[in-house]
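For reference, the structure is listed below as structure tokens.
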2 protein chains.
Amino acid sequence: MKLMEQKHLALLEEAERRAVAPTDNLRACFELLALAGAIDRDCAARLAPHRLSEGKFVLLFLLHGQSEGLSPHELADRAGVTRATITGLLDGLERDGFIARRSGLEDRRKIAVVLTDLGRKTAHELFDEHAKWIAALFAGFGADERSTLNGFLQRIRRNLDTGPADTPRPETRT
Amino acid sequence: MKLMEQKHLALLEEAERRAVAPTDNLRACFELLALAGAIDRDCAARLAPHRLSEGKFVLLFLLHGQSEGLSPHELADRAGVTRATITGLLDGLERDGFIARRSGLEDRRKIAVVLTDLGRKTAHELFDEHAKWIAALFAGFGADERSTLNGFLQRIRRNLDTGPADTPRPETRT
DNA sequence: AACATATAGTATGGCACCTTATTATCGTCA
DNA sequence: TGACGATAATAAGGTGCCATACTATATGTT
């Protein structure tokens, strides 16, 4: 269990050598990023045995309960990725037998993506397990602690948003 | 500025519908992940104008000050990625004129990666800016607050490590 | 009806990361 | 000495993400 990522350790050492910035702040930031990275990796590791990635899992539970299916466009909107990315994920899900593509009836440009039995079964089984796993990460936290943590995160986010006025980020398209 | 990622919103809704896990916990986790994601994206956006990614930037400052250069193997160890990944990053850095590959003298399997003038200049300029940017994320935080936050993160990490005994993660190879 | 424009899905190519070969070189030990 | 296993770098192929460009279909305008 590494407390910090290798690259961040290196950066920290160099920053100490140069004394350009308060290293306590750097350390705090890297611990945050390391934890998030660890969560992501753990998530991926839990889904991998089912031949799923996080992105694919999201599509699965988005489709679950939609007996009519959803179009790739809708999936993209709800999952928060581009349509092109959806195409790739669907290719994998179709190959592995989780979903099927049905060509649309009224609008022939549209496609309806529907779960197969395997897809439905997998989505159903995994969702609860997944949600419980995530919730368990905050086991032992009281409401007050969660809200304190949240306050910290908000403040960091504010610093993130107001700070870099020099970088004209193209404002994630809607 | 989105507070939470689209996919997490969707997951949260479904979890509320099903009432399988305390959604406050889920929400807290997603806020954490969203912030980390936002930081990563911001980092990428700051480096992109220089034709650098975070991975490439790390290599650059690892090489900075190493007048003898480093081998891809050493770079991989210090950056915490595989040698194969390093090869790809070096290809890009070489193409863009930041580094040069020098074939080794004593051991002819080895290659010495050295910075070009452009590489040295870029590394030098960017490092301070980058470190200051990261430190600025924790502007306004006192030592006590940083340590409270850190305590929270450690607790989450402990939950992460102890929880999933069922997932036999292959224990990140050294 | 005809043309312009918008939309749906996908292909293509790029990036950063991975795992698993493959090739060249090194060091050792029989 | 020469064969063997370790090591260095890379190649090949896979994933998930992106942006851009293309095709087919739909729709609105005149």
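Every chain is numbered from 1 and lettered A, B, ... according to where its sequence line falls, protein lines coming before strand lines.
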Please give, in whole Å, the distance from [N] [atom2] to [X] [atom1]?
X	N	atom1	atom2	result
Arg41(B)	dG16(D)	CZ	P	19 Å
Asp107(A)	dA26(D)	CG	P	5 Å
Lys110(A)	dA6(C)	NZ	P	18 Å
Arg101(B)	dA9(D)	CZ	C1'	9 Å
His73(A)	dT25(D)	NE2	C1'	15 Å
Ile99(A)	dG9(C)	CD1	C1'	13 Å
Leu75(A)	dG9(C)	CG	C1'	12 Å
Ile111(B)	dT7(D)	CD1	P	19 Å

Got a list of side-chain donor-acceptor pairs under 3.5 Å for residues 57-70 of chain A, not counting sequence neighbours?
{"unit_1": "His64(A)", "atom_1": "ND1", "unit_2": "Arg18(B)", "atom_2": "NH2", "d": "3.3"}

Pairwise distance [atom1]([X]) to [atom2]([Y]) - rounded to 0.5 angstrom:
X	Y	atom1	atom2	answer
Leu11(B)	Phe127(A)	CG	CZ	4.5 Å
Asp77(A)	Ser71(A)	CG	OG	8.0 Å
Asp96(A)	Thr122(A)	CG	OG1	10.0 Å

Q. Going through the distances and angles, do Glu129(A) and Lys132(A) end up as a salt bridge (charged side-chain N to carboxylate O under 4.0 Å, His left out)?
A. CA-CA 5 Å; Glu129(A) 179 188 322; Lys132(A) 280 181 187 140; over 6 Å; no

* Asked: Just checking, any donor-acceptor pair under 3.5 angstrom between side chains of Arg27(B) and Asn150(A)?
  ->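 No, Asn150(A) and Arg27(B) have no side-chain donor paired with an acceptor closer than 3.5 Å.
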
TODO: Identify whether any heavy atom of Arg51(B) sits under 4.0 Å from a base atom; if not, whether one sits that close to sugar-phosphate; answer base, sugar-phosphate or nothing.
DONE: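 Nothing, no nucleic acid heavy atom in range.
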
- Query: With Asp40(B), which residues qualify under side-chain hydrogen bond (donor to acceptor under 3.5 Å, both in side chains), at least two apart?
  - Reply: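 By the side-chain hydrogen bond (donor to acceptor under 3.5 Å, both in side chains) rule, Asp40(B) matches no residue at all.
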
Residues in side-chain hydrogen bond (donor to acceptor under 3.5 Å, both in side chains) contact with Glu145(A), at least two apart in sequence or another chain =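 In terms of side-chain hydrogen bond (donor to acceptor under 3.5 Å, both in side chains), with neighbours along the sequence ignored, Glu145(A) is linked to Arg155(B).
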
Note to self: What residues from residues 62-72 of chain B pass a heavy-atom cutoff of under 4.0 Å to DNA chain D?
What the structure shows: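 Going residue by residue through residues 62-72 of chain B, the ones with a heavy atom under 4.0 Å of DNA chain D turn out to be Ser71(B), Pro72(B).
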
Notebook entry, point to check: Where along residues 83-95 of chain A does a heavy atom come under 4.0 Å from DNA chain D, residue by residue in number order?
Noted result: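 Result for residues 83-95 of chain A: Ala84(A), Thr85(A), Leu89(A), Arg95(A), sorted by number.
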
| task | Determine, for Arg157(B) against Asp42(A), whether the closest basic-nitrogen to carboxylate-oxygen distance falls under 4.0 angstrom. | result |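 Between Asp42(A) and Arg157(B) there is no salt bridge, as every charged N stays at least 4.0 Å from the carboxylate O atoms.
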
- Query: Taking OP1 and OP2 of dC18(C), is either one under 4.0 Å from a side-chain nitrogen or oxygen of Thr82(B)?
  - Reply: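 So the side-chain polar atoms of Thr82(B) do come within 4.0 Å of the phosphate oxygens OP1 or OP2 of dC18(C), strictly under.
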
| query | So does Arg108(A) reach the base of dT25(D) with its side chain, donor to acceptor, closer than 3.5 Å? | reply |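 It does not, because no donor-acceptor pair links the side chain of Arg108(A) to the base of dT25(D) below 3.5 Å.
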
Under 3.5 Å, which protein N or O atoms sit close to an N or O of nucleotides 3-5 of chain C? Give each pair with its distance.
none

**Asked** Is there side-chain contact between Phe138(A) and Asn159(B), with heavy atoms separated by less than 4.5 Å?
**Response**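 No, their side chains stay 4.5 Å or more apart.
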
Margin query: In this structure, would Leu89(A) and Val114(A) fall into the same cluster of hydrophobic residues linked by side-chain contacts under 4.5 Å?
Written below: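 Leu89(A) does not cluster with Val114(A).
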
